Trainee: 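This structure is in structure tokens; I'll ask about it shortly.
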Amino acid sequence: MRDQIKLAIEQATAAAQAAGQLPAFDLPAVEILRPKQADHGDYSTNVAMLAAAALRKAGHAGNPRAISQIIADHVPADGPIGRVEIAGPGFINIFLAERWLQQQVNHIVRAGDDFGNINLGNGARWQVEYVSANPTGPIHYGGARNGALGDALANVLEAAGYVVQREFYVNDAGNQFSIFAATLYARYAQLFGHDEPIPEDGYAGEYMVGYAQMLADQHGDRFLHMAKADAVAELKPLSEEIVLAALQAELGKLGIQYDRWFREQSLYDNGLVHEILEKLRAQGDIAERDGAVWFLASKYSQVDKDVVVIRSNGMPTYFASDIAYHYDKFVVRGFDRVINVWGVDHQGHVSRMAAIMQALGLDPARLTIVLHGLVKLIRDGQEVKLSKRRGNLITLGEVVDEVGADAVRFNLLTRGPESAIEFDLNLAAQASWDNPVCYVQYSHARICSMVIKAKQEGVALHSELDHSALLTHPAEIAVIRKLLELEEQIEWAVEKLSPHNLTHYGTDLAKTFNGFYRDCRVVDPLDPALSAARLQLCEAARLGLAKTLRLLGIAAPTSM
RNA sequence: GCGCCUGUAGCUCAGUGGAUUAGAGCAUUGGUCUUCGGAACCAAGGGUCGGGGGUUCGAAUCCCUCCAGGCGUACCA
């Protein structure tokens, strides 16, 4: 949409130059703006002001208002632009043609679920990796934000023409997972009456008993008939199955599903970690120091410290496998671009990832880390401290059960990623009736019910006849205008790699629709043509609301 | 100490160098309609955009500085 406007303005400027009314000059990039005030048009452009500055630099006279008038005179009369106005210091205000707007209703309905889709991606293969929590227990509430963000981002990228793969990286090779397995063994042994203490630094949470019970149900007491070390080693992969199933179920409550669960251990099993470290050693990026093996990150810009990849005790750090993991993403699997969604507490890792990319000979711009602020849970006016290790945690699943998946997602997605969030459980639970998410969903449900009502009254949607020219009421035109913003909203979300604008857009669209509902009677048996036109508009609005909600990962109910 | 992020209405937050008037939701106050779903709609009050400098036609937005808060600065992840 905006591109069409931009093109028209560029053509008008070129036409003015061809006609000799404007001297030749390098036109700066034309900016098409969305004015805040409606009487400033649907769009506006400051091209005349920019052109004036360029002309003055080139020694010509440059009066912005005069230039804007010349350009305005050459704007093509047909197409989406109905009229233009010159305003202020030289703004060109652009008003869309009413007939053109009316016609968009049918285009939207015809597009159906594809309404709003754009083609920025052109089929480029992107990967979004999100949540990626340690597989050592339920996901704490902070993971909900990561998940909601990553999932919505993936949705938006798909709508923008990218082929997206959603991935969860399972840290099953590190120290934490070993401690987890050892803890599970202890809980398991305890179930059979053995006095087996939970290891120091073990996972003391009660949920471990549940996992142990599952293990006992599936395998009986057979791990007690072997040496402890053997038992722990043998139950490790089994415990991973148990915990991954739990993670999957919990994330499913939030509506999150993955294309692939990528196991860190697989990078050791197939030798890739070793292979890549040798490659880096050969090119001088790896060195021994103080008994440990280091990646010489400080060779690269913006990193001041080297990073240990193999500890002096011979155990690799997570960073060793991370190098191989990203090699796998870009070189083995060939993603064009990768988005990693991380909590801001991992920010120290970001610059080192850029160093990895350079060391691997990859363009660092192909890897983007989206950092999000942390979530502070408030209950009864007090901060709830979370610690998986100590076992006093509030899980993602618990919060979803308490507040509802839709409200959780909407709430977390109204903020930009960088903001820190204070989430008041009492408030969220009690305010759920007044929650904006309900407002948007309600508008969707209301339209669905109106369509049923229309059928009952014998007012059907005449799709074979086009009555769109009857949509002349300001409230009707306002809905169409708002619907046409969706593409720009998706574009914006992709550019910023944040979908939070869509929550505000959804509320906005619902509000605009409700204004129409107030002012315009839709189902009127005495005026079937107008009813049909308005029902068609309702369907378009429904599609817009449903699409927005779907992108956010929120249900669009037909009744509430 | 150094680095990154944040500071906008009573609260939670949007805001893309643009337009005498910086927006939304919640909360507060008042109002509408003999309801195509009242979980609606309309209106009002409420602001030193953390402070101070600068850049330019123009700054919440860019630069500098100070203040306040968060996070990072591991042979943890």
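All figures in this text were calculated on a predicted structure; none of them were measured in a lab. Here is the naming used below: chain letters follow the sequence lines, and residue numbers restart at 1 for every chain.
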Trainee: For RNA chain B, what is the dot-bracket line, given that a base pair needs Watson-Crick (N1 to N3, plus N6-O4 or O6-N4) or G-U wobble (N1-O2 and O6-N3) geometry with both distances under 3.5 Å, and | means paired with another strand?
Mentor: (((((((..((((....[....)))).((((((....).))))).....(((((..]....))))))))))))....
Trainee: Are A/Lys329 and A/Glu129 ion-paired here, with the side-chain N under 4.0 Å from a carboxylate O?
Mentor: yes
Trainee: I want to check one thing: is the phosphate of B/rC41, taken as OP1 and OP2, less than 4.0 Å away from some side-chain N or O of A/Lys511?
Mentor: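 Answer no for this pair, as no side-chain N or O of A/Lys511 is under 4.0 Å from OP1 or OP2.
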Trainee: Just jot down the side-chain contact (heavy atoms from CB on, under 4.5 Å) partners of A/Trp492, sequence neighbours excluded, or say none.
Mentor: A/Lys496, A/His500, A/Asn501
Trainee: Counting just side-chain N and O atoms, does A/Lys305 come under 4.0 Å of either OP1 or OP2 of B/rA74?
Mentor: yes
Trainee: Considering every strand and a 4.0 Å limit on heavy-atom distances, what is the contact class for A/Arg415: base, sugar-phosphate, or nothing?
Mentor: sugar-phosphate
Trainee: Mind checking if A/Ser351 touches a base, just sugar-phosphate, or nothing, with heavy atoms under 4.0 Å?
Mentor: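 Nothing, no heavy atom under 4.0 Å.
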Trainee: Could you tell me whether A/Asp290 contacts a base, only the sugar-phosphate backbone, or nothing, with contacts defined as non-hydrogen atoms closer than 4.0 Å?
Mentor: base
Trainee: At 4.0 Å (heavy atoms only), tell me whether A/Leu371 reaches a base, stays on the sugar-phosphate, or touches nothing.
Mentor: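 Counting heavy atoms under 4.0 Å across all strands, no contact is made by A/Leu371.
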Trainee: Counting the atoms with a prime plus P, OP1 and OP2 as sugar-phosphate, which does A/Val344 contact under 4.0 Å by heavy atoms, base, sugar-phosphate, or nothing?
Mentor: sugar-phosphate
Trainee: Are the side chains of A/Tyr505 and A/Thr548 in contact, using a 4.5 Å heavy-atom criterion?
Mentor: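 The answer is yes; the side chains approach within 4.5 Å.
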Trainee: What verdict does the salt bridge (Lys or Arg N to Asp or Glu O under 4.0 Å) test give for A/Glu85 and A/Arg83, after you've listed the backbone C-alpha separation in whole Å, the side-chain angles of each residue and the deciding distance to 0.1 Å?
Mentor: CA-CA 7 Å; A/Glu85 279 178 4; A/Arg83 64 190 170 89; 2.7 Å; yes
Trainee: Applying side-chain contact (heavy atoms from CB on, under 4.5 Å), name anything that partners A/Val243, two or more places apart in sequence or on another chain.
Mentor: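 Partners of A/Val243 under the side-chain contact (heavy atoms from CB on, under 4.5 Å) test: A/Pro135, A/Phe180, A/Tyr211.
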Trainee: Taking the P atom of each, how far is B/rU35 from B/rC13, in whole Å?
Mentor: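 The answer is 40 Å between these two P atoms.
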Trainee: Out of B/rA40, B/rC76, B/rU6, which has the shortest distance to the side chain of A/Glu418?
Mentor: B/rU6
